[in-house]
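Labels below follow one simple rule: chain letters A, B, ... track the order of the sequence lines, proteins then strands, and each chain is numbered from 1.
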2 protein chains.
Amino acid sequence: MVKITDVARRAGVSPSTVSYALSGKRPISDETRRRVQAAVRELGYRTHVRTRSGDGAGSRVLALAVPMRSGVHVPVVTQFAVSVVTAARAHGHDVLLLTRGEGEEGIGRIAETGLADALVVMDVQLQDPRLALLRSSPLPSVLIGVPAEPDGLTCVDLDFGAAGELCVEHLARLGHRTVALVGSPPEVYVRRTAFARRLVRGFTTAADRHRLASAVYPCEAGRDAARSLAERLLREQPALTGVVVHNEPLLDPLIDAFEELGLRIPEDLSLTAVCPAPVAASARVPLTSVTVPAAELGTRAVHLLVRKLSGAPVPGVTLLPPRLTERASTGPRPV
Amino acid sequence: MVKITDVARRAGVSPSTVSYALSGKRPISDETRRRVQAAVRELGYRTHVRTRSGDGAGSRVLALAVPMRSGVHVPVVTQFAVSVVTAARAHGHDVLLLTRGEGEEGIGRIAETGLADALVVMDVQLQDPRLALLRSSPLPSVLIGVPAEPDGLTCVDLDFGAAGELCVEHLARLGHRTVALVGSPPEVYVRRTAFARRLVRGFTTAADRHRLASAVYPCEAGRDAARSLAERLLREQPALTGVVVHNEPLLDPLIDAFEELGLRIPEDLSLTAVCPAPVAASARVPLTSVTVPAAELGTRAVHLLVRKLSGAPVPGVTLLPPRLTERASTGPRPV
DNA sequence: GAGGTTCGTCGAAGCGCTTCGACGGGTGAA
DNA sequence: TTCACCCGTCGAAGCGCTTCGACGAACCTC
């Protein structure tokens with residue numbers, strides 16, 4: 001291991017000078033700085049973790065808490081994770097992965113152990129048991145998702161309420177009078193997952209405002225679930241012509257199920273999804289959708305965290321406005 | 001932060017005694033040890049990273065290198081990652097995520113920086129540029145995947161060669177005479193990804209041994225690719241009745257494509273997949289498959305790494321024997 | 001019961017780095 | 001020309017922990 005004293009010797013200065021030359025915390029002459037940098041390069045010097053979490057710099061590690069609960073769609077979560085890692089690397093940070101069970105224990109461990117110097121929290125619930133810990137901990141954190149009481153926290157998310165409304169408005173504009181929301185699996189709502197709940201609220205609000213008949217159907221993923229849900233929808237909502245789906249793995253199976261039941265999309269039934277753009281674009285029928293900007297959310301979370309680390313003020317809640325992209329799955333209400 | 005001196009004061013001993021009581025590196029009287037442990041518990045003491053990577057213990061962090069290249073199937077990779085994290089936690093380790101681009105740079109950084117004290121490497125290519133680094137680095141590592149020259153490395157993987165053979169043998173036993181392998185996207189082979197290449201070799205070897213007509217078709221994921229591949233197969237291999245698919249995201253689209261072209265599965269065409277069990281079981285038609293035991297591989301990799309860290313000898317290459325599970329997608333050759 | 005072992009504990013040094021306080025030598029002002 | 005000041009550098013202390021060497025107190029053995 002090459003240490004700071006090696007660099008110092010090579011550059012012909014003292015270790016402290018090397019430290020200052022590298023951190024810029026005190027003025028160093030150009031000449032000296034150049035020599036130090038050269039020595040660093042030649043020796044391949046890197047500051048060792050054990051010391052860099054000393055007093056000044058942090059450990060340059062972000063922790064990412066991804067609960068991986070049942071009912072979360074893995075590819076979407078992974079997109080978030082990858083974008084967080086990429087953004088973190090761009091800021092010179094590594095990413096420590098915290099998964100299931102670690103919700104609370106893990107956060108405590110990270111905080112006290114100094115392993116990471118900041119935290120990104122995903123899959124936030126409206127009343128999240130982790131919040132108390134986050135509020136009281138000195139560890140800066142950013143949530144992807146907005147809990148019921150976000151005071152004192154920093155959160156980023158798509159404005160899922162507005163997203164729900166946007167879907168309904170799109171359908172209303174096309175003349176649909178009866179709409180349904182096909183949601184995430186029931187356990188997601190039972191856990192009071194923030195974004196899922198907000199979407200439902202937005203959907204219902206907009207439907208009421210436009211005086212549409214509406215209903216909400218949580219649903220498991222999978223072909224069988226899709227088939228029986230489709231049948232149930234037709235039975236319980238005979239006038240149904242517009243459906244909003246907020247359940248990525250269910251999209252294709254549901255399309256299949258509707259078509260097997262003799263409904264053409266969009267001639268007989270309009271479908272709007274809330275999901276990442278690639279998912280919508282590559283579905284069996286390209287889906288009109290409100291994009292969940294997973295990559296952008298991950299990146300933003302990291303940016304906010306880096307700003308927090310540098311002591312800059314950050315907004316409490318950042319909600320990205322939803323954007324609806326029309327594709328082939330929606331059309332006017334059949335006559 | 002509660003430090004060792006706090007514990008020492010509380011327990012009425014010196015810091016060094018606390019250290020020894022905790023590490024067991026010197027005999028400590030039961031009485032003293034008990035007092036120390038009580039103090040630790042009451043104060044919630046945890047040894048700080050900055051120091052625990054000192055000389056004795058490692059940093060208790062494993063790095064996981066997941067390249068996330070194009071053509072890798074995200075859910076499968078994620079399954080590996082999650083199982084690695086879970087297993088690592090069970091051994092008291094955290095997991096640092098290294099993704100794209102970091103192949104080499106990242107490994108170097110980890111090694112020199114002391115951030116992690118061991119490394120799990122995924123998506124191994126036959127001639128992997130990272131291997132030199134791994135061989136020369138003092139950082140213990142385990143590869144998930146087996147390169148062309150595994151000497152001096154520790155590797156775990158499914159025996160993909162045997163898996164390819166097993167699929168062919170199953171089809172041969174059912175009487176099929178012409179078989180095709182639908183593989184991963186072309187770039188995966190161009191990169192000389194180890195498992196993909198091995199599967200092809202096993203497939204071809206077994207087909208030759210059984211005197212079956214055989215062909216290999218790399219294929220992109222997606223509906224359009226599936227459709228045109230299906231058409232091309234029927235055109236180029238009119239006698240085709242058995243297909244092995246090694247491309248998770250292509251499974252459902254390919255089933256659809258075949259059926260749209262009027263082929264029933266398994267009456268007209270038998271399909272065998274090589275993929276994780278849940279993927280095979282939840283496909284549109286439950287697929288006869290050789291299971292890729294993602295979770296087990298992740299767990300094994302961590303076990304091996306932990307043993308390496310403790311200085312125990314470990315086997316060089318561990319290949320798990322493939323197991324074929326029959327489901328609804330294979331049947332006797334149509335007459 | 002004197003000399004030799006353990007055993008259990010402590011103090012101090014050291015890990016690689018940052019940072020505080022100090023100091024020497026220019027430079028500018030008077 | 002002198003004094004003040006600031007710039008650039010250095011030495012030393014300190015971070016929280018581990019570990020080496022030492023030391024007193026029991027405990028044996030002949």
Write down the protein N/O and nucleotide N/O pairs, taken from nucleotides 22-27 of chain C, whose separation is under 3.5 Å; answer none if there are no such pairs.
residue: C/dA22; atom: N6; partner: A/Arg26; partner atom: NH1; Å: 3.4

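- Of the possible polar contacts, none joining the B/Arg300 side chain to the B/Leu320 backbone as a donor-acceptor pair under 3.5 Å is found.
- With salt bridges taken as basic N to acidic carboxylate O contacts below 4.0 Å, one links A/Arg9 and A/Asp6.
- Although no hydrogens or angles enter the test, the distance criterion places a donor-acceptor pair under 3.5 Å between the side chain of B/Thr193 and the main chain of B/Val188.
- As judged by a 4.0 angstrom heavy-atom cut-off over every strand, B/Ser29 is placed among residues touching the sugar-phosphate backbone only.
- Side chains of A/Arg307 and A/His303 form no contact here, defined as non-hydrogen atoms less than 4.5 Å apart.
- Put simply, the residue from B/Val120, B/Thr154, B/Leu133, B/Leu134 that forms a side-chain contact (heavy atoms from CB on, under 4.5 Å) with B/Ser141 is B/Leu134.
- For B/Arg33 and C/dC7, the CZ to P distance is 14 Å, given to the nearest whole Å.
- Distances were taken from every side-chain heavy atom of A/Ile4 (C-beta onward) to each of D/dC10, C/dT18, D/dC17; the shortest belongs to C/dT18.
- OP1 or OP2 of D/dT19 sits under 4.0 Å from a side-chain N or O of B/Lys25.
- Rounded to whole Å, the distance from CD1 on B/Ile28 to C1' on C/dC10 is 10 Å.
- For B/Ser19 and D/dT18, the shortest distance from a side-chain N or O to OP1 or OP2 is below 4.0 Å.
- For the pair A/Glu31 CD and D/dC7 C1', the interatomic distance rounds to 15 Å; values are reported in whole Å.
- Side chain of B/Tyr45, nearest nucleotide from D/dC17, D/dC10, C/dG11: D/dC17.
- Of the two residues near DNA chain D, B/Tyr20 and A/Ser16, the one whose nearest nucleotide lies more 5' is A/Ser16.
- Rounded to a whole Å, the CZ atom of B/Arg9 is 12 Å from the P atom of D/dC17.
- Between A/Lys3 atom NZ and C/dC17 atom C1' there is a gap of 12 Å when expressed in whole angstrom units.
- When the P atom of C/dG16 is taken as reference, atom CG of A/Leu22 falls 17 Å away, rounded to whole Å.
- Salt bridge absent: A/Arg191 and A/Glu187 never bring a charged side-chain N and a carboxylate O closer than 4.0 Å.
- A/Thr17 places none of its side-chain heavy atoms less than 4.5 Å from the side chain of A/Arg26.
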